Amino acid sequence: MEQFIIANLAPIMFGTLVIFLLSGFPVAFSLAANGLFFGFVGIELGLLKPELLQALPNRIFGIMANDTLLAIPFFTFMGLILERSGMAEDLLDTIGQLFGPIRGGVAYAVIFVGALLAATTGVVAASVISMGLISLPVMLRYGYDKRLASGVIAASGTLAQIIPPSLVLIVMADQLGRSVGDMYRAAFVPGLLLTVMYAGYVLALSIFKPSHVPALPPEARNLKEPNGDSGVRSLLALTVCTVAIGYGFASWYGARHPNLAADELGIFSAGVATAAAFVFALANRHLKIGLLSRMAEKIVFVLIPPLALIFLVLGTIFVGLATPTEGGGMGAAGALILATANGRLNWGLVRQAMMSTTRLSAFVIFILVGSTVFSLVFRGVSGDLWVEHLLTSLPGGSTGFLVVVNIMFFLLAFFLDFFELAFILVPLVGPVADKLGIDLIWFGVLLGVNMQTSFMHPPFGFALFYLRSVAPKEVKTTDIYWGAIPFVLIQVAMVALIIAFPRLVSIEKKTDMKEQLELKIDVPQPDMQTPTYDPEQK
């Protein structure tokens with residue numbers, strides 16, 4: 001029996017962890033207790049040396065000193081402040097008025113605002129609760145199907161998982177040893193494509209089941225001109241002028257800086273164009289020019305502040321002006337400024353946001369400490385080699401590996417949230433992916449899209465719980481679950497698209513995160529008084 005345990009300690013350890021997790025015991029303590037128990041078992045059986053556990057203090061101190069993880073409390077605080085700043089309410093009301101005349105207009109508005117909130121808050125709970133409180137009653141009042149209404153709100157809120165500044169991408173970058181900025185840049189196109197796929201589903205429903213997604217009635221559209229005109233033509237004219245300004249600036253600035261990357265040039269051009277639109281809207285309001293309709297003016301003043309925050313956070317990260325941690329700090333400061341401008345900032349709001357941020361940050365750190373204890377012992381009993389042999393022996397090579405790993409993550413997402421998946425499984429499968437020649441940034445984005453389903457899985461998806469907590473009584477829990485299923489299938493289809501078309505994830509420009517060390521040794525020379533340094537000596 002003892003020889004059997006010695007030969008199979010790694011799979012026994014992993015199986016015991018699964019039993020611990022399914023029992024409902026807190027994940028962080030399950031990981032740590034499992035690691036320490038099997039550490040002592042390994043020492044007793046002679047597989048491990050007691051000195052191995054002496055590495056734990058250094059590893060835990062390394063977690064505390066990790067600057068990358070500072071971005072998590074910054075982005076969490078930013079999202080919680082913005083949730084209560086009134087920004088989501090203004091966005092949903094204004095964009096809902098813009099799309100209201102068409103079938104599914106409010107659903108399109110929810111998807112668009114969900115993507116915008118994802119790019120500013122990065123917190124799923126904030127997006128789902130805000131849109132559930134504001135949009136769900138409106139959609140039900142005007143005859144939207146309950147399942148669609150609840151599904152589109154929950155799914156749009158989960159866009160915060162993949163659209164930067166996503167918390168899961170920060171964790172994935174840290175666990176895979178890659179740059180957070182590169183992970184953000186790589187995830188941008190998949191996030192936007194997923195948004196388009198959500199809108200495509202609503203479009204298909206508006207064609208085949210128009211009764212499920214009615215247009216807003218005329219009496220519900222309150223952003224009209226005194227003569228009854230919608231004001232859309234004024235908005236189109238402003239949009240054309242803004243695009244022209246951005247294109248003109250890109251042509252001029254690109255000619256002066258021919259070596260500038262295309263994404264950086266696009267960010268600068270978008271910043272100049274949106275600033276020009278905001279200045280024109282200000283002049284139109286205060287100088288009484290009268291060139292912009294109420295609709296156009298309202299959209300400018302509602303859209304520009306979050307767009308400015310997106311540029312402040314993501315733009316500075318993408319162009320290399322700030323690290324993700326610095327971008328998160330600027331985003332938190334920007335959120336406080338927006339809340340102040342809306343008259344919503346007070347000590348109670350700040351205190352509540354700080355308490356929630358502290359709880360989430362402590363939750364993340366405790367899980368990371370527990371996973372460190374587990375991974376140290378697991379590697380000590382050659383568990384990494386067992387996982388590597390198990391996954392590399394799959395048929396189909398790298399494709400078979402990707403299929404099996406994604407199925408495993410999808411099934412485990414029924415029971416574990418994305419933090420637990422990222423801290424437990426990613427360190428095990430990441431080295432195997434690297435050995436198979438899979439780019440780890442691409443792999444991290446792929447798993448990020450997959451783990452997004454953990455928020456939507458009936459019956460344990462957190463987004464479904466968030467929506468249930470704010471949904472009116474006429475929306476049954478079964479309506480929320482059935483409404484989530486089509487969007488889970490869309491997310492799975494997105495995973496398949498990334499595997500089939502790897503170029504959807506942009507990984508051309510990467511930061512080398514490998515530490516470069518150069519050892520310089522004093523070499524005495526017989527014919528010289530002082531020692532010299534040989535830069536070629538390693």
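Since the model is a prediction, treat every value here as computed from it, not as a measurement.
You'll find the side chain of Val429 reaches within 4.5 Å of the side chain of Phe409, heavy atoms only. Annotation: side chain of Arg185 is not in contact with side chain of Ile317 (no heavy-atom distance under 4.5 Å). The shortest side-chain heavy-atom distance between Phe378 and Leu17 does not fall under the 4.5 Å cut-off. Looking at Ile490 and Pro486, their side chains never come closer than 4.5 Å, going by heavy atoms from C-beta outward. A heavy-atom distance below 4.5 Å is found between the side chains of Val495 and Leu446. Contact of the Val152 side chain with the Tyr201 side chain is not registered, since no non-hydrogen atoms from C-beta on lie closer than 4.5 Å. With a 4.5 Å cut-off on side-chain heavy atoms, Leu48 and Leu53 do not count as touching. Counting heavy atoms from C-beta on, the side chains of Leu80 and Thr357 come closer than 4.5 Å.
In the displayed structure, Glu44 atom CD is contacted under 6.0 Å by at most 12 heavy atoms of other residues, nucleotides or ligands. Crowding of Phe410 atom CZ: a count of heavy atoms from other residues, nucleotides or ligands under 6.0 Å exceeding 12. Summarising the local packing, CZ of Phe40 is surrounded by 12 or fewer heavy atoms from other residues, nucleotides or ligands at distances under 6.0 Å. Heavy atoms from other residues, nucleotides or ligands lying under 6.0 Å from CH2 of Trp482 number 12 at most. For Phe311, the CZ atom sits in a packed shell: over 12 heavy atoms of surrounding residues, nucleotides or ligands are nearer than 6.0 Å.
The structure places CH2 of Trp442 at 4.5 Å from CG of Leu402, a figure rounded to the nearest 0.5 Å. The CZ atom of Arg59 sits 4.5 Å away from the OG atom of Ser375 when rounded to the nearest 0.5 Å. Taking CE of Met131 as the start and OH of Tyr466 as the end, the distance is 13.5 Å to the nearest 0.5 Å. Atoms CE and CG, on Met78 and Leu312 in that order, are 9.0 Å from each other to the nearest 0.5 Å. Once rounded to the nearest 0.5 Å, the distance linking OG1 of Thr316 with CD1 of Ile310 reads 12.0 Å. Between the CD1 atom of Ile424 and the CG atom of Leu412 there is a distance of 9.0 Å, given to the nearest 0.5 Å.
One N or O on the side chain of Thr158 and one on the backbone of Ala155 form a donor-acceptor pair closer than 3.5 Å. At distances below 3.5 Å, at least one donor-acceptor pair connects side-chain atoms of Ser150 with backbone N or O atoms of Arg147. Put simply, the side chain of Thr453 gets close to the backbone of Asn450: a donor and an acceptor are under 3.5 Å apart. Of the possible polar contacts, none joining the Asn34 side chain to the Ser30 backbone as a donor-acceptor pair under 3.5 Å is found. In this structure, the side chain of Ser382 does not engage the main chain of Leu385 through any donor-acceptor pair within 3.5 Å.
Heavy-atom minimum distance, Val475 versus Leu136: CG2-CD2, 4.5 Å. Shown here for Ser398 and Ile438, the closest heavy-atom pair between the two residues is CB-CD1, 4.1 Å. The shortest non-hydrogen separation linking Ala332 to Phe74 is CB-O, 4.1 Å. Nearest heavy-atom pair, Met456 versus Ala463, reported as atom, atom and distance to 0.1 Å: SD-CB, 4.4 Å. Among all heavy-atom pairs drawn from Ile81 and Ala353, the shortest one is CD1-CB, 3.8 Å. For the pair Ala422 and Met172, the tightest heavy-atom approach, listed with the atom from each and the gap, is CB-SD, 4.2 Å.
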Subject >> Stepwise side chain to side chain contact (heavy atoms under 4.5 Å, CB included) check, Thr195 with Phe112 >> reply: CA-CA 8 Å; Thr195 306; Phe112 179 81; over 6 Å; no
